[in-house]
Amino acid sequence: MAESLSAQLPETGKASVPMADIGPVALKGDVQGEVMVPMATYETTLWPSTNRGAAVTRRAGGIQVVVVREAMARSILVTAPDAQKAVAFGRELQAQQEKVAEIIAASSRFARLEGLHCHHVGNLVYLRISISSGDAAGHNMVTLASDRVMNWILQTWPEISYGSISGNFCTDKKVSAVNAILGRGKHVICESLIPRKLIRRYLKTTPEAIAELNVHKNLIGSIAAGGVQTGNAHVANMLLAVYLATGQDGANIVEGSQAITQAEVRGDELYFSVSLPNIIVGTVGNGKGLPFVTENLTRLGCMESREPGENARRLAAITAGTVLCGELSLMAALTNPGELMQAHVRFER
């Protein structure tokens, strides 16, 4: 069915999205160096705004990057006759994690088990499998690994039945608390300590104003709106722009935008950070062979011969640093009445 449908839908052309480089973005910590970052977007104000954030953080000494963990996830769904058998199965499965790890490692030379989490609802068992996936984003890799685990489960436990290869406890391209807590993709934290004089000169505001607005807008405002494990100004903007420029699956900004922005006044400086638990990027796989994507990844230093996974980690760190730059600039603009609209009128008209 899939092949016949695919044959009826030939490629008719390519969508063109304006793209520009911003930066350089200065990184230190787990990933180091200065890079010009390509951003593809129709929102042209995003370029000068993110560029402003890059300039300020660079003058402040750069952005500290910490890659917390890697865990591309897929949740398979199986059913048991009743809750008692479902829970018993879950306990037996947890006791055989070494076997699960062996099955996953055999499915790909890059896949390695990072986590196995059972969640029970009645007689339903949601098994969330997390793997490291080398330099690939890992969508297909984790699905293949999960498919192999599913086959083994059905052969080993006759009383357990197939539910779905994806049970929505992953969670793929949907907002959920589980992703923000357990992570999906790469969890990256970026932070910068910015002197007051730089904030006054280049951002036209104060550390106190940014910190207060962050509490009132990003934290309290997000809670009041019913936000799920999130508190930021516009993380999705920078994520999508970098994703499109580097050949990523743009739909992953749904979970990727579950990020928390933090701002604190520390003496005469502003501590500013963004925590992103769900950055899903890869430097190999579908979309990476397009000429402009290959060129962008090469210029970012993400196509070099390194240990498996290091190129993707570098890309995740660059993406997160770019997010911080855009987040900082917008938060500063929002402390000044009229600045946001004036910028849009100036650059878009």
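A side-chain donor-acceptor contact under 3.5 Å links Arg58 to the backbone of Pro24. Judged purely by atom type and a 3.5 angstrom limit, Asn278 has no side-chain atom pairing as donor or acceptor with the backbone of His187. Between the side chain of Ser329 and the main chain of Cys325, no donor-acceptor pair closer than 3.5 Å is present. Remark: the backbone N or O of Ala236 is not paired with any side-chain donor or acceptor of Ser257 at under 3.5 angstrom. Put simply, the side chain of Tyr243 gets close to the backbone of Ile280: a donor and an acceptor are under 3.5 Å apart. For the pair Lys186 (side chain) and Pro277 (backbone), a donor-acceptor distance under 3.5 Å is absent. For the pair Asp268 (side chain) and Pro195 (backbone), a donor-acceptor distance under 3.5 Å is absent. Judged purely by atom type and a 3.5 angstrom limit, Gln229 has no side-chain atom pairing as donor or acceptor with the backbone of Gln258. No side-chain donor-acceptor contact under 3.5 Å links Asp135 to the backbone of Val284. Ser192 contributes a side-chain N or O that, together with a main-chain N or O of Gly62, makes up a donor-acceptor pair within less than 3.5 Å.
Evaluation of the side-chain contact (heavy atoms from CB on, under 4.5 Å) rule for Thr298 yields Thr294, Met303 as partners, not counting sequence neighbours. Taking the salt bridge (Lys or Arg N to Asp or Glu O under 4.0 Å) definition, one finds that Asp82 meets it with Lys85, sequence neighbours left out. Every salt bridge (Lys or Arg N to Asp or Glu O under 4.0 Å) that Arg313 has, sequence neighbours left out, goes to Glu70. For the salt bridge (Lys or Arg N to Asp or Glu O under 4.0 Å) test, residues two or more places apart in sequence or in another chain that qualify with Arg266 are Glu264. Every residue meeting the salt bridge (Lys or Arg N to Asp or Glu O under 4.0 Å) condition with Lys99, not counting sequence neighbours, appears here in chain and number order: Glu102.
Taken together through direct or relayed side-chain contacts under 4.5 Å among Ile, Leu, Val, Met, Phe, Trp and Tyr, Ile76 and Val87 form parts of separate hydrophobic clusters. One hydrophobic cluster, built from ILVMFWY side chains closer than 4.5 Å, cannot hold both Ile189 and Val235; they sit in different ones. Note on Val323 and Ile260: separate hydrophobic clusters, where clusters join Ile, Leu, Val, Met, Phe, Trp and Tyr whose side-chain heavy atoms are under 4.5 Å apart, directly or indirectly. Connection of Val265 to Ile220 is not established within any shared hydrophobic cluster, with ILVMFWY side chains joined at heavy-atom distances below 4.5 Å, either directly or through further cluster members. By the criterion of side-chain heavy atoms lying less than 4.5 angstrom apart, applied directly or through intervening Ile, Leu, Val, Met, Phe, Trp or Tyr residues, Leu154 is grouped together with Val125 in one hydrophobic cluster.
Here the closest heavy-atom approach between residue Ile194 and residue Ala60 is recorded as CA-CB, 4.0 Å. Pairing each heavy atom of Ile63 with each of Cys190, the nearest pair is CG2-CB, 3.7 Å.
More than 12 non-hydrogen atoms from other residues, nucleotides or ligands lie less than 6.0 angstrom from CG of Asn151. Counting heavy-atom neighbours within 6.0 Å of Arg299 CZ, excluding the residue itself, gives a total above 12. Residue Lys197 qualifies as open at atom NZ: its count of foreign heavy atoms under 6.0 Å is 12 or below.
The hydrophobic cluster containing Tyr271 also includes Leu193, under a criterion of side-chain heavy atoms closer than 4.5 Å among ILVMFWY residues, counted directly or through chains of members. If you chain together ILVMFWY residues whose side-chain heavy atoms come under 4.5 Å of each other, Val178 ends up grouped with Leu77, Val121, Leu124, Tyr126, Phe169, Ile181, Leu182. Grouped by direct or indirect side-chain proximity (heavy atoms under 4.5 Å, Ile/Leu/Val/Met/Phe/Trp/Tyr only), Val228 sits with Val175, Val254.
Residue Asp30 holds its CG atom at 11.0 Å from CD of Glu310, rounded to the nearest 0.5 Å. Once rounded to the nearest 0.5 Å, the distance linking CZ of Phe272 with CD1 of Ile210 reads 7.0 Å. Atom-to-atom distance recorded for Glu114:CD and Arg112:CZ is 10.0 Å, nearest 0.5 angstrom. In this structure, the separation between CG on Leu240 and CD on Glu43 is 10.5 Å, given to the nearest 0.5 Å. The CE atom of Met331 sits 12.0 Å away from atom OG of Ser49, with the distance rounded to the nearest 0.5 Å. For the atom pair Arg128 CZ and Asn179 CG, the distance stands at 5.0 Å (nearest 0.5 Å).
Of the residues listed (Ile318, Thr322, Ile22), the one engaging Val35 in a side-chain contact (heavy atoms from CB on, under 4.5 Å) is Ile318, and it is the only one. When Thr261, Leu270, Val274 are each tested for a side-chain contact (heavy atoms from CB on, under 4.5 Å) with Leu328, only one passes: Leu270.
Pairs passing the side chain to side chain donor-acceptor pair (under 3.5 Å) check and including a residue from residues 205-228, sequence neighbours excluded, read Arg196-Glu208, Thr205-Thr335, Asn214-Asn218. Residue pairs meeting the ring pair (Phe, Tyr, Trp, His ring centres under 6.0 Å) criterion with at least one partner in residues 274-301, sequence neighbours excluded, are absent. Applying the side chain to side chain donor-acceptor pair (under 3.5 Å) test to pairs two or more places apart or on separate chains, those with a residue in residues 244-255 are His139-Asn252, Lys173-Asp249, Arg184-Glu255, Thr246-Gln248, Asn252-Glu255. Contacts classified as ring pair (Phe, Tyr, Trp, His ring centres under 6.0 Å) and involving residues 82-115 (residues at least two apart or in different chains) are given here: Phe89-Trp157.
Taking the centre and axis of the six-membered ring of Tyr202, the NZ or CZ atom of Arg52 falls outside the cone set by 45° and 6.0 Å.
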Exercise for the section: Run the numbers on Cys302 and Glu304 for side-chain contact (heavy atoms from CB on, under 4.5 Å), then give the verdict. Expected result: CA-CA 6 Å; Cys302 295; Glu304 298 178 10; over 6 Å; no
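The pair Arg74-Asp147 does not count as a salt bridge, with every side-chain nitrogen at least 4.0 angstrom from each carboxylate oxygen.
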